[in-house]
Amino acid sequence: MAQFSLIVTIIGLICVFFPFTTNATEHPVYQRPKEEQEQSNSQVYIVHCEFPDGDRGTRYQDLESWYLSFLPATTSDSAREAPRLIYSYRNVLTGFAAKLSPDDLKQMEKMEGFISARPERVLDLYTTHSTSFLGLHQNMGFWNDSNYGKGVIIGVIDSGIFPDHPSFSDDGMPPPPAKWKGKCEFNVTKCNNKLIGARYFRSSGNGTPWDENGHGTHTASTAAGRFVPGANIFGNANGTAVGVAPLAHIAVYKVCAAVTCSESDTLAAMDMAISDGVDVLSLSLGKLTNNFYEDNIALGAFSAMEKGIFVSCAAGNSGPSSSSTSNEAPWILTVGASTIDRKIKATAVLGNNQELDGESAYQPSDFPPTLLPLAYPGNNASNLNAKYCTPASLNNTNVVGKIVLCEVGITTRVDKGKAVKAAGGAAMILMNTKAIANTTLAEAHVLPVTHVSYADGLKIKEYINSTLIPTATIAFKGTRIGDDRAPVVAGFSSRGPNFASPGILKPDIIGPGVNILAAWHISLENKTNTNSRFNMISGTSMSCPHLSGVAALLKSAHPDWSPAAIKSAIMTTADVLNLRSNLIEDETYLPADVFATGAGHVNPSKANDPGLVYDIKTSDYLPYLCGLNYTDRQVGIILQRKANCSEITSILEGELNYPSFSIKVTGNSTAQVYSRTVTNVGQAYSTYRVEIGSPPGLDVKVEPTTLVFSEVKQKLSYQVTLTPLATIPNSTFSQGSLRWISEKHIVRSPIAVRFLSF
């Protein structure tokens with residue numbers, strides 16, 4: 001058992017482990033628009049052709065017209081879909097992609113210039129695709145600049161680790177830094193130059209650091225796993241797995257058993273990690289609290305921050321409810337969850353020819369395309385739980401051989417599938433709640449499943465109620481890259497405003513947290529006859545280690561940066577647009593607000609060169625804490641030393657030198673004035689000019705409007721005046737931004753405004 005110096009006085013308190021961890025590479029691949037997916041009588045072919053006499057340049061200036069000439073004339077048969085050109089290739093090959101029927105193909109084969117055609121394949125893609133989605137590529141860019149996190153130690157406080165996983169191989173890894181004082185508490189030699197420490201604590205289960213539920217193994221490999229070829233889940237997302245900081249060292253601290261984590265163990269682990277010498281702490285766990293002095297993670301994080309340790313924590317999985325974030329202290333990076341552009345597609349095909357796209361990690365190759373009876377147990381008015389497909393609720397229902405529609409709620413999504421299978425069901429369509437809306441998950445189900453959105457679930461219900469004999473099947477389409485809506489804020493991701501300190505915007509940032517493939521503690525087996533020690537799960541538990549890894553990369557590239565400087569670099573360079581170049585959306589596919597996104601979606605490469613940072617010294621937190629109206633004793637609990645607020649000038653929350661602004665406006669509000677100080681970490685000679693996007697209902701002025709720097713690490717200050725307008729928006733909040741722009745950099749701070757008591 002790990003020995004630790006901290007004496008814990010709170011016994012029996014429990015931190016709830018965020019359990020919305022369902023289970024979540026890089027070959028370029030063309031993605032067909034949604035309306036172009038396979039029909040029953042035709043499919044997409046890749047067609048290779050050649051120019052007569054090789055004369056491409058003179059006779060065929062318009063390639064698309066030439067490619068179109070291969071397509072048979074539109075058929076008059078209304079039952080047959082006309083052939084359609086999907087893509088005209090110009091560089092990768094001479095040819096095109098088209099949706100063709102077997103008859104179309106036979107006609108095309110007779111044409112001059114035709115070489116061959118084959119149905120398109122679902123390509124094996126690069127895993128975890130989240131690193132590629134973040135712009136991290138091997139042997140180039142930020143990974144090179146940061147040396148892949150080499151020399152940095154990430155402490156993962158979680159459910160332990162499976163040490164024999166290839167993600168934790170130390171092939172080519174240097175020994176840990178000389179400062180490392182940690183221990184390996186496995187009963188056999190399991191640690192190495194990658195996994196340099198493993199400790200366990202009192203309530204964490206089996207008396208060793210071994211992971212019993214997979215969560216800790218998954219988060220550790222997400223943050224810093226090595227390159228592992230052949231990673232997949234049931235043959236999907238097949239490729240090479242890698243964490244965000246693959247050359248960083250890992251130290252694990254097991255504090256969780258099953259789905260709960262002892263608060264006392266968690267605080268002890270943080271204490272031990274500080275002594276051991278970690279550089280980054282990653283905690284995918286937490287608990288809602290009212291005050292920081294009552295939040296032991298906040299206390300441990302403050303101590304870590306004082307020692308120069310960066311602390312990254314999950315925001316929680318209580319979204320989309322407002323004020324639902326955990327880990328809200330300003331010295332913690334609070335991470336929300338968003339999607340990546342990969343989907344493991346499974347389409348519900350209804351008897352009325354509707355096709356509704358969903359997701360599932362289990363994609364059987366032998367599921368029949370023929371329509372099966374479709375049942376909805378929720379139509380049984382005598383059993384209110386039947387719609388959730390709980391085991392007992394299916395006892396007296398006839399679902400044998402049927403596809404069963406089940407609603408999310410009460411039991412886990414995978415357990416619903418187990419209940420359906422036990423009752424004789426052939427497959428399941430899983431329907432979201434209205435709140436979670438369009439956030440669908442690809443999970444390791446035990447039978448054929450597709451998880452569809454709430455809106456599509458309503459369409460399925462409508463169809464079931466419109467016919468005497470509803471039928472359906474599921475078309476499994478495998479791994480697809482290129483969802484240009486990404487990143488989308490996950491419906492489960494917890495939201496602000498910050499309850500404990502409303503003047504600090506939370507969450508700080510969002511990162512990949514939906515359908516993330518990473519290491520697992522056991523082999524998953526299913527009808528695919530594949531064994532894989534990888535699993536796909538979802539939650540802010542997954543987004544947190546992504547940011548922990550980014551922090552490790554930044555720490556390696558900029559060892560002199562403070563935790564606050566690293567946080568600032570991450571926040572002020574975050575993306576606010578999706579792959580469509582539209583504003584990032586939430587689970588309803590409407591623009592997400594700042595209480596969902598924080599500063600935006602992490603962009604690691606931009607964070608490496610932020611231009612300016614908002615730094616915060618430890619001493620700056622004293623006037624901030626006093627400004628929260630905490631007593632001297634309460635402030636002293638956080639600082640671990642005596643405090644006397646009467647001897648210092650307290651500040652409003654918004655006056656802390658934070659990279660974002662969060663203010664409230666009431667009916668009698670006057671102008672609010674805040675100061676900020678930025679530190680130049682870019683070019684010595686640089687000039688920044690302010691650009692203001694005033695939130696509706698507020699006039700924002702900045703003085704000075706220009707900042708001129710003449711040296712690196714130079715500090716300059718500015719003042720922001722926010723004045724309520726006579727006309728207030730007909731809403732409870734608005735948002736805007738403040739940007740400092742130079743020739744090379746854009747340093748952006750979001751502004752959140754809450755209108756109260758009008």
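Along the sequence shown, the residues carry numbers beginning at 1. Because the structure is predicted, anything quoted here is derived from the model rather than measured.
- The two residues Ala500 and Glu328 have their closest heavy-atom pair at N-OE1, 3.1 Å.
- Listed for the Thr222 side chain is a donor-acceptor partner under 3.5 Å among the backbone atoms of His218.
- Applying the salt bridge (charged side-chain N to carboxylate O under 4.0 Å, His left out) test to pairs two or more places apart or on separate chains, those with a residue in residues 600-613 are Asp575-Lys606, Asp609-Lys744.
- In summary, the side chains of Asn296 and Glu263 do present a donor paired with an acceptor at a separation below 3.5 Å, with no hydrogens or angles considered.
- Judged as a side-chain contact (heavy atoms from CB on, under 4.5 Å), and not counting sequence neighbours, the contacts of Ala592 are Val489, Asp586, Ala596, Thr597.
- The only member of Leu698, Thr723, Leu756 that meets side chain to side chain contact (heavy atoms under 4.5 Å, CB included) when paired with Val665 is Leu698.
- Judged as a ring-ring contact (aromatic ring centres under 6.0 Å, His included), the pairs with a partner in residues 623-642 (not counting sequence neighbours) are, in order, Tyr293-Tyr630.
- Residue pairs meeting the salt bridge (charged side-chain N to carboxylate O under 4.0 Å, His left out) criterion with at least one partner in residues 663-672, sequence neighbours excluded, are absent.
- Partner of Leu547 under the side chain to side chain contact (heavy atoms under 4.5 Å, CB included) criterion, chosen from Ile510, Leu333, Asp508: Leu333.
- Side-chain contact check for Lys713 versus Asp560: some heavy-atom pair is nearer than 4.5 Å.
- The aromatic ring centroids of Phe133 and His601 lie less than 6.0 Å from each other.
- With 3.5 Å as the limit, one finds no donor-acceptor pair spanning the side chains of Ser284 and His215.
- Between the side chain of Ser262 and the main chain of Asp265, a donor-acceptor pair closer than 3.5 Å is present.
- Between Lys701 and Asp699 there is a salt bridge, since a side-chain N of the basic residue sits under 4.0 Å from a carboxylate O of the acidic one.
- Screening residues 299-327 for ring-ring contact (aromatic ring centres under 6.0 Å, His included) gives Phe302-Trp331, Phe302-Tyr621 as the qualifying pairs, with residues at least two apart or on separate chains.
- Within the 3.5 Å criterion, the main-chain N or O of Gly496 finds no donor-acceptor partner in the side chain of Thr325.
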Output, in order, the C-alpha distance, side-chain angles, deciding distance and verdict of side-chain contact (heavy atoms from CB on, under 4.5 Å) for Tyr674 and Ile663.
CA-CA 10 Å; Tyr674 300 104; Ile663 70 168; 3.7 Å; yes

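- A side-chain donor-acceptor contact under 3.5 Å links Asn432 to the backbone of Ala437.
- Remark: Ser734 engages Pro695, Pro696, Val753, Phe755 in a side-chain contact (heavy atoms from CB on, under 4.5 Å) (not counting sequence neighbours).
- Applying the salt bridge (charged side-chain N to carboxylate O under 4.0 Å, His left out) test to every pair with at least one member in residues 639-655, sequence neighbours left out, gives these pairs: Glu306-Arg641.
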Checking side-chain contact (heavy atoms from CB on, under 4.5 Å) for the pair Phe142/Leu554: CA distance, chi angles, key distance, verdict?
CA-CA 9 Å; Phe142 185 30; Leu554 292 171; 3.5 Å; yes

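- Within the structure, the salt bridge (charged side-chain N to carboxylate O under 4.0 Å, His left out) test picks out no pair touching residues 309-326 (sequence neighbours left out).
- For the pair Asn498 (side chain) and Ile504 (backbone), a donor-acceptor distance under 3.5 Å is present.
- Residues forming a ring pair (Phe, Tyr, Trp, His ring centres under 6.0 Å) with His558 (at least two apart in sequence, or on another chain): Trp561.
- In this structure, the separation between OG on Ser275 and NZ on Lys307 is 8.5 Å, given to the nearest 0.5 Å.
- Remark: Phe595 pairs with Phe733 by the ring pair (Phe, Tyr, Trp, His ring centres under 6.0 Å) rule, at least two apart or across chains.
- Looking only at distances, no side-chain donor or acceptor of Arg495 sits under 3.5 Å from a matching main-chain atom of Val594.
- Remark: Lys555 does not engage Asp279 in a salt bridge, criterion side-chain N to carboxylate O under 4.0 Å.
- With hydrogens and angles disregarded, no donor-acceptor distance shorter than 3.5 Å links the side chain of Ser318 to the backbone of Ser494.
- Using a 4.0 Å cut-off between charged nitrogen and carboxylate oxygen, Arg485 and Glu585 count as a salt-bridge pair.
- Here Asn657 pairs with nothing under the side chain to side chain donor-acceptor pair (under 3.5 Å) rule; sequence neighbours left out.
- Side chains of Ser548 and Ser282: a donor on one and an acceptor on the other come within 3.5 Å.
- Pairs of residues two or more places apart, or lying in two chains, that qualify as side-chain hydrogen bond (donor to acceptor under 3.5 Å, both in side chains) and include a residue from residues 686-696 are Tyr688-His745, Glu691-Arg739.
- Panel note: side chain Ser717, backbone Thr677; no donor-acceptor pair is recorded below 3.5 Å.
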